[in-house]
Amino acid sequence: MRTQAQAIIAPPRPAFGVEAPQAGADYALPRPNAAQRALARGWLGLGLVALAGSGLYAVLLVLARTPGLNQWFPVADFFRVALVVHVDLSVLVWFAAMAGMLWSLNSTERWQSWSWVALGACGGGTALMALGAFVQPGEAVMANYIPVLQGPLFLSGLVVFATGFGIEVLRTLAAAPKLGGVINGEKALRFGLTSSAVCVAVALLAFAWSLAVVPRQLELRAYYEILFWGGGHALQFAWTLLMLVGWLWLAQASGASVPLSPRIALLLLALALVSVFVTPYAYLAHDVVTVEHRNLHTWAMRFGGGLAIFPVTLAVVLALLPLRRLQDVQKPLWGALVCSMLLFACGGVIGMLISGNNVKIPAHYHGCIVGVTLALMGLVYHLLPALGYAPARGRLAAWQPWLYGIGQLMHIIGLVWSGGYGVQRKVAGSDQVLRSGAEVAGMGLMGLGGLLAVVGGLLFVVVVLRATRPGRREVGA
C-alpha cells in the first residue's frame with residue numbers, strides 16, 4: 001500500500017509533483033535520498049526559527065509605526081533595533097536557510113559533511129545576532145540590504161553566519177550535478193538552483209572586496225551602506241532565481257502544464273545569472289564610493305533581472321488559467337504561487353514610481369521580498385511529504401498564503417499612499433510627522449495590513465510544525 005508521500009510522486013519517474021500535466025515540460029526534481037532529506041530538514045528548521053523570530057519582532061515593529069499605538073513605545077531606539085533584527089531574520093537568515101534546503105536537494109553526496117558544518121555555523125551566527133539585540137547592541141545602523149547593530153555580539157554573529165553560508169555555497173558548487181544530455185524540466189530547475197549559488201558566491205566576493213577597500217573613516221551609516229551595496233544587489237539575483245525556480249515547480253505541482261520548453265526556461269534563467277556579473281565589473285570600473293559604482297549595481301538589478309522575470313511570469317499565468325479544480329494538497333501551492341506573482345509584480349510597479357526618500361521605497365522592496373517569500377513558502381508546503389512529513393492540507397493551509405499575501409498587499413498600499421504625502425522611511429512615532437488625516441489613514445492601513453501579514457507568517461510556521469509532528473510523519477521517513 002502506497003504512503004501519502006509516494007502518492008504525490010508523478011509517473012513515469014519519481015519526481016515531486018502532485019499530478020502530472022497532460023503536456024509540457026515536467027518541472028520537478030527526483031525524490032531525495034535519506035542524506036539529502038536529513039540536510040534539507042535541518043535547513044528547514046533554521047528557516048522556521050528565523051521566520052518565527054522575525055514575526056515576533058514584526059508585531060512590535062508594526063505597533064511602533066501604527067498611529068495611536070506608537071505612543072506606548074520608546075520609539076526611536078526601540079523601532080530601529082527591532083527593525084534590524086526583523087529584517088535580518090526575515091530576509092537574510094530565512095532566504096539563506098531556504099537556499100540551503102533547496103541546494104541540499106539539488107546537490108550530489110560529495111562533501112556532504114561540510115553542509116552540516118555550514119548549517120551549524122549559520123545556526124550559531126543567527127543565535128548570536130538575536131542575542132546581540134539585547135547584549136550591548138550599540139547603534140542601530142539602517143543600511144540597505146543588511147542592517148546591523150554596532151555591537152560586538154551582533155557583528156560576531158554576522159561574521160559567523162556569513163562564514164557558514166560561504167561554506168555552504170562552496171560545497172553546493174563543488175557538488176553540483178552534471179547537466180549533460182537532453183535538457184528537460186528537471187535539468188532546467190537544477191541549473192536555476194546552481195545558478196543561485198553562483199550569485200551568492202559573487203555577492204560574498206563583493207562583500208569581501210568592499211570590506212577591503214571601503215574607507216573606515218566614513219560616517220557609520222555611509223560605511224555600511226557602501227559595504228553592503230554591491231553584494232546586496234548580487235544577492236537579489238540569487239533570490240530571484242530561487243523564486244523563478246519556485247514558480248515553475250509550483251505550477252507543475254498545481255497540475256498546470258507550463259507552455260515553456262526546458263531549453264527556453266534554461267536560457268531565461270541563464271540571462272538572470274549573466275546579469276550578476278555586472279557586479280565584479282562595477283568594482284573594477286569604478287571606485288566603491290562613487291555614484292557611478294552605485295548606479296551600475298542599480299541598473300543591473302533593474303534591467304538585467306527583468307529579462308527573465310516577464311517571460312516566465314507570462315508562461316506560468318497562461319499555465320494556471322485553465323485550472324478549475326484543485327486537490328486539497330494543491331490549494332496551498334496554488335495560493336502561494338498566485339500571491340507570490342501578484343506581490344512581486346506590485347513591488348516592481350512601485351519601484352518605477354519611487355521619487356525621493358519616503359516610504360514608497362520599503363513598499364517596493366516589501367512587495368519583491370514577499371513575492372520571493374511566498375514562492376519559498378509554497379515550495380516548503382510542496383516538499384513536506386518528500387521530506388518525510390505529512391502534507392500541508394486543510395483550510396488553515398489553504399488560506400495561509402492568502403492571509404499573508406493580502407496583509408502584505410494592504411501594508412504596501414498603505415506605504416505607497418503615505419509615501420505620496422512624503423512620509424519618511426525608517427522612522428516611527430512622532431518622528432513620522434503625520435500632518436494630515438490622509439497620512440494617518442495611510443499609515444493606519446499599513447499597520448493593519450502588517451498585523452495581518454504577521455499572523456499569516458506565523459500561521460505558516462504553525463501549519464508546517466503541525467505537519468512535522470512525529471505522529472503525522474509519513475511512513476518510512
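For clarity, every value in this text was computed on a predicted model and none was experimentally measured.
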**Request:** Decide side chain to side chain contact (heavy atoms under 4.5 Å, CB included) for W94 and S54; before the verdict, give the C-alpha distance in whole Å, the side-chain angles of both, and the deciding distance to 0.1 Å.
**Result:** CA-CA 9 Å; W94 159 251; S54 169; over 6 Å; no
**Request:** Might you confirm whether atom CH2 of W402 has over 12 heavy atoms from other residues, nucleotides or ligands at distances under 6.0 Å?
**Result:** yes
**Asked** Going through the distances and angles, do Y404 and H411 end up as a ring-ring contact (aromatic ring centres under 6.0 Å, His included)?
**Response** CA-CA 10 Å; Y404 182 72; H411 184 80; over 10 Å; no
**Request:** Measure across G164 and C122 and return the closest heavy-atom pair with its distance rounded to 0.1 Å.
**Result:** C-SG, 3.6 Å
**Request:** Please identify each residue that fulfils side-chain hydrogen bond (donor to acceptor under 3.5 Å, both in side chains) with T163, with sequence neighbours left out.
**Result:** none
**Request:** With sequence neighbours excluded, tell me which residues meet side chain to side chain contact (heavy atoms under 4.5 Å, CB included) with P147.
**Result:** V84, V87, D88
**Request:** Sequence neighbours left out, what pairs pass side-chain hydrogen bond (donor to acceptor under 3.5 Å, both in side chains) with at least one residue falling in residues 306-316?
**Result:** none
**Request:** Could you tell me which residues satisfy side-chain hydrogen bond (donor to acceptor under 3.5 Å, both in side chains) with S115, sequence neighbours excluded, listed by chain and number?
**Result:** E168, R171
**Item:** Listed partners of L318 passing side chain to side chain contact (heavy atoms under 4.5 Å, CB included), at least two apart
**Value:** P259, L314, L321
**Prompt:** Counting heavy atoms not belonging to W111, are there more than 12 under 6.0 Å from its CH2?
**Reply:** no
**K187 side chain near P262 side chain, heavy-atom distance below 4.5 Å** = no
**Item:** T468 (side chain) donor-acceptor with L465 (main chain) under 3.5 angstrom
**Value:** yes
**Item:** Qualifying residues under side-chain hydrogen bond (donor to acceptor under 3.5 Å, both in side chains), relative to S90, sequence neighbours excluded
**Value:** none
**Prompt:** Going by the side-chain hydrogen bond (donor to acceptor under 3.5 Å, both in side chains) test, which pairs reach into residues 263-274, not counting sequence neighbours?
**Reply:** none
**Item:** Chi angles and distances behind the side chain to side chain contact (heavy atoms under 4.5 Å, CB included) call for L29, W249
**Value:** CA-CA 9 Å; L29 293 188; W249 201 344; 3.7 Å; yes
**Prompt:** Does any pair with a residue in residues 279-300 pass salt bridge (charged side-chain N to carboxylate O under 4.0 Å, His left out), and if so which ones, sequence neighbours excluded?
**Reply:** E225-R294
**Request:** With side chain to side chain contact (heavy atoms under 4.5 Å, CB included) as the test, would you mind laying out the steps for V198 and L173 before giving the verdict?
**Result:** CA-CA 7 Å; V198 173; L173 295 177; 3.8 Å; yes
**Request:** Test F207 against every option in Y283, F165, F228 by the ring-ring contact (aromatic ring centres under 6.0 Å, His included) rule and name the one that passes.
**Result:** F228
**Request:** Please identify each residue that fulfils side-chain hydrogen bond (donor to acceptor under 3.5 Å, both in side chains) with Q400, with sequence neighbours left out.
**Result:** Y381
**Asked** Applying salt bridge (charged side-chain N to carboxylate O under 4.0 Å, His left out), which residue pairs with at least one partner in residues 189-200 are found, sequence neighbours left out?
**Response** E186-R190
**Message:** Taking side chain to side chain contact (heavy atoms under 4.5 Å, CB included) as the criterion, tell me which of L387, L39, L193 meets it with L105.
**Reply:** L387
Solution key, residues 367-376 side-chain donor-acceptor pairs under 3.5 Å, sequence neighbours excluded:
residue: T373; atom: OG1; partner: I369; partner atom: O; Å: 3.1

**Prompt:** Which residues pass the salt bridge (Lys or Arg N to Asp or Glu O under 4.0 Å) test with K331, sequence neighbours left out?
**Reply:** D328
